[in-house]
Amino acid sequence: MKIHGPNHSNMNPYQKQQHIQQKTASKSRSLKPDQLEISDKALKMQQKESRQTYVNEIKQQVDNGEYQVNNKETAKKLLNYWKA
């Protein structure tokens with residue numbers, strides 16, 4: 001009893017499809033190099049001096065009992081985060 005029949009070939013059509021997909025994926029990756037863009041605001045936040053002064057101001061307000069939390073803005077940001 002022959003399982004494969006008289007015209008059996010060692011070609012697997014799924015393997016052929018995988019090779020095609022790998023070739024197209026490698027071509028598309030080589031054409032578009034990765035890029036990173038940082039906004040001016042993010043660059044300013046990364047600067048240690050300005051960030052540290054901001055943190056120190058907040059710490060001082062908390063220590064003095066003057067720091068006020070804006071409940072409405074906090075709630076809006078939480079809702080927007082969970083909606084997205």
Side-chain angles (χ1 to χ4, degrees):
M1 181 170 158
K2 292 185 179 181
I3 297 174
H4 301 294
N7 293 329
H8 176 68
S9 65
N10 290 330
M11 188 177 107
N12 185 347
Y14 299 109
Q15 287 178 342
K16 184 177 180 181
Q17 184 65 23
Q18 284 180 333
H19 292 299
I20 292 171
Q21 289 175 350
Q22 288 174 352
K23 286 180 184 178
T24 57
S26 65
K27 285 181 185 178
S28 64
R29 279 189 237 138
S30 64
L31 296 177
K32 297 179 183 177
D34 293 337
Q35 293 181 348
L36 175 67
E37 294 181 18
I38 300 176
S39 68
D40 293 336
K41 187 175 181 179
L43 286 173
K44 287 179 184 178
M45 288 179 71
Q46 286 181 344
Q47 292 175 350
K48 189 164 180 89
E49 295 172 9
S50 63
R51 182 72 177 164
Q52 192 62 41
T53 55
Y54 176 70
V55 170
N56 289 337
E57 288 175 9
I58 292 176
K59 283 183 180 181
Q60 187 177 16
Q61 289 176 359
V62 170
D63 290 340
N64 295 336
E66 299 171 352
Y67 185 73
Q68 298 291 323
V69 177
N70 188 341
N71 296 329
K72 289 183 180 180
E73 285 296 316
T74 304
K76 283 181 185 178
K77 288 183 180 184
L78 283 171
L79 286 173
N80 288 338
Y81 174 79
W82 290 108
K83 284 181 181 178

Taken in chain and number order and not counting sequence neighbours, the residues that satisfy side-chain hydrogen bond (donor to acceptor under 3.5 Å, both in side chains) with N56 are Q52
Indicate every side-chain donor-acceptor pair of residues 61-70 with a distance under 3.5 Å to a residue at least two apart or in another chain.
| residue | atom | partner | partner atom | Å |
| --- | --- | --- | --- | --- |
| N64 | ND2 | Q60 | O | 3.3 |
| N70 | OD1 | K72 | N | 3.3 |
| N70 | OD1 | E73 | N | 3.4 |

Could you list who else is in L43's hydrophobic cluster, with ILVMFWY side chains joined at under 4.5 Å, directly or through other members?
-> L36, I38
Please tabulate, for side-chain N and O atoms in residues 76-84, each donor-acceptor pair with protein atoms closer than 3.5 Å (sequence neighbours left out).
| residue | atom | partner | partner atom | Å |
| --- | --- | --- | --- | --- |
| N80 | ND2 | K76 | O | 3.3 |

